[in-house]
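Have a look at the structure below before the remarks.
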Amino acid sequence: MDNIEVSEDPVGQPGPVSKICTRIGQRYQKLLDDVTPHVKWRWVIAIVYNILFMARIIIGQGWYVVTYALAIYHLNLLLAFLSPKIDPGLAMMYDDEDGPALPTRSTDEFRPFERRLPEFKFWYSVMKATTIAFCFTAFQMFNIPVFWPILVMYFITLFCITMKRQIKHMLRYNYLPFSWGKPKYAAAPTTDTI
């Protein structure tokens, strides 16, 4: 019988493409880790990036449906950012003591506001969505002809209705998702005796 030689190539070793993808992923994660503490600069970059997107839409005179979808997604992210992680209305209904709850009376213990969508994930999702929308504007097949003032009016109406509902929810359950406007207490004086 013929002797068939089996190669001794290890199966568990990653190939060159896998190594390159891993290296790119590590560099991308390092970049994200480096920008995490710079909140103001991240949001300045996000605003400039969205202004560039809007300039692309205005100059290109199209892709209004893509812009509308992006605006709806940004609104959805904003609502998740402003909402507590555990809805106080549902928490009261189920009376769950396991998870954190917002204080409803002045005698309740203070618990910090936990967002449903953390700030970094909010920024990261805004950047990803805007990048995807930018990619859509490179293709003419996504340039669907539509009467854009109707989309603008519909978005403004949707924004007003959803923000009104969110503000009512904040007032009903007495929470403020931002640190400004909350009472600040002075630090207790320390007595250093030597």
Side-chain angles (χ1 to χ4, degrees), residues 14-85 87 113-171 175-182:
V17 174
S18 178
K19 287 181 181 178
I20 291 171
C21 290
T22 302
R23 196 171 304 135
I24 290 171
Q26 289 171 344
R27 288 186 182 181
Y28 182 66
Q29 187 61 48
K30 169 108 173 67
L31 175 68
L32 289 178
D33 292 342
D34 289 343
V35 301
T36 299
H38 307 289
V39 177
K40 289 180 183 175
W41 284 109
R42 281 191 284 122
W43 283 104
V44 166
I45 290 170
I47 290 169
V48 168
Y49 195 44
N50 278 287
I51 289 171
L52 288 174
F53 176 77
M54 291 307 296
R56 165 77 174 123
I57 298 305
I58 291 169
I59 292 170
Q61 294 289 315
W63 297 281
Y64 300 120
V65 174
V66 173
T67 307
Y68 178 72
L70 179 66
I72 294 291
Y73 183 68
H74 284 178
L75 178 62
N76 184 28
L77 292 174
L78 178 66
L79 289 175
F81 177 71
L82 295 176
S83 300
K85 188 173 188 177
D87 189 7
F113 183 78
E114 290 184 52
R115 300 179 186 283
R116 188 168 11 139
L117 181 67
E119 182 271 333
F120 181 78
K121 288 185 179 180
F122 180 32
W123 171 81
Y124 186 62
S125 297
V126 165
M127 294 298 287
K128 280 194 314 187
T130 308
T131 301
I132 291 169
F134 251 122
C135 292
F136 281 171
T137 63
F139 301 103
Q140 200 62 27
M141 63 189 249
F142 295 112
N143 190 4
I144 300 168
V146 66
F147 187 60
W148 64 267
I150 290 178
L151 292 180
V152 171
M153 290 306 298
Y154 185 64
F155 177 75
I156 290 171
T157 304
L158 187 65
F159 179 81
C160 292
I161 289 171
T162 54
M163 290 311 292
K164 179 181 175 184
R165 187 186 59 147
Q166 185 68 28
I167 291 169
K168 281 184 178 180
H169 191 268
M170 287 179 196
L171 293 174
Y175 68 91
L176 185 64
F178 302 107
S179 59
W180 46 266
K182 293 183 180 179

Exercise: identify the closest heavy-atom pair between [X] and [Y]:
X	Y	result
R165	L79	NH2-CD1, 4.4 Å
W63	T137	CZ2-O, 3.0 Å
F81	L117	CD1-O, 3.4 Å
T36	R42	O-NH2, 3.0 Å
Q166	S83	NE2-OG, 3.5 Å
G62	I57	O-CG2, 3.4 Å

In Å and rounded to the nearest 0.5 Å, what is the [atom1] to [atom2] distance from [X] to [Y]?
X	Y	atom1	atom2	value
E119	W43	CD	CH2	6.0 Å
L78	T162	CG	OG1	8.0 Å
I144	Y68	CD1	OH	13.5 Å
F122	R116	CZ	CZ	12.5 Å
Y49	T130	OH	OG1	6.5 Å

In the structure I gave you, are the side-chain heavy atoms of [X] and [Y] within less than 4.5 Å of one another anywhere?
X	Y	value
V35	W41	no
L77	K121	no
H169	L82	no

- Can I47 and I51 be said to form a side-chain contact (heavy atoms from CB on, under 4.5 Å), step by step? CA-CA 6 Å; I47 290 169; I51 289 171; 3.9 Å; yes

- Message: So, applying side chain to side chain contact (heavy atoms under 4.5 Å, CB included) with V152, which one of W148, F155, Y154 is it?
- Response: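 Between V152 and the candidates, side chain to side chain contact (heavy atoms under 4.5 Å, CB included) is satisfied uniquely by W148.
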
- Message: If you count every heavy atom of other residues, nucleotides or ligands that lies below 6.0 Å from F142 atom CZ, does the total exceed 12?
- Response: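 Count over threshold, so yes.
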
- I72 backbone acceptor or donor facing N76 side chain under 3.5 Å: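 Pair absent, no side-chain N/O of N76 close to backbone of I72.
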
- Residues K30, D34; criterion side-chain contact (heavy atoms from CB on, under 4.5 Å); working and verdict: CA-CA 6 Å; K30 169 108 173 67; D34 289 343; 3.0 Å; yes

- Task: Tell me, with the steps shown, if L70 and F136 meet side-chain contact (heavy atoms from CB on, under 4.5 Å).
- Result: CA-CA 11 Å; L70 179 66; F136 281 171; over 6 Å; no

- May I have the step-by-step check of side-chain contact (heavy atoms from CB on, under 4.5 Å) for T22 and Q26, ending in yes or no? CA-CA 6 Å; T22 302; Q26 289 171 344; 3.8 Å; yes

- Task: Evaluate the ring planes of F134 and F53, with Trp represented by its six-membered ring, and classify them as parallel (under 30°), tilted (30 to 60°) or perpendicular (over 60°).
- Result: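 Perpendicular.
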
- Parallel, tilted or perpendicular: which fits the ring planes of Y124 and F120, with parallel below 30° and perpendicular above 60°?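 Rings of Y124 and F120: parallel, under 30°.
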
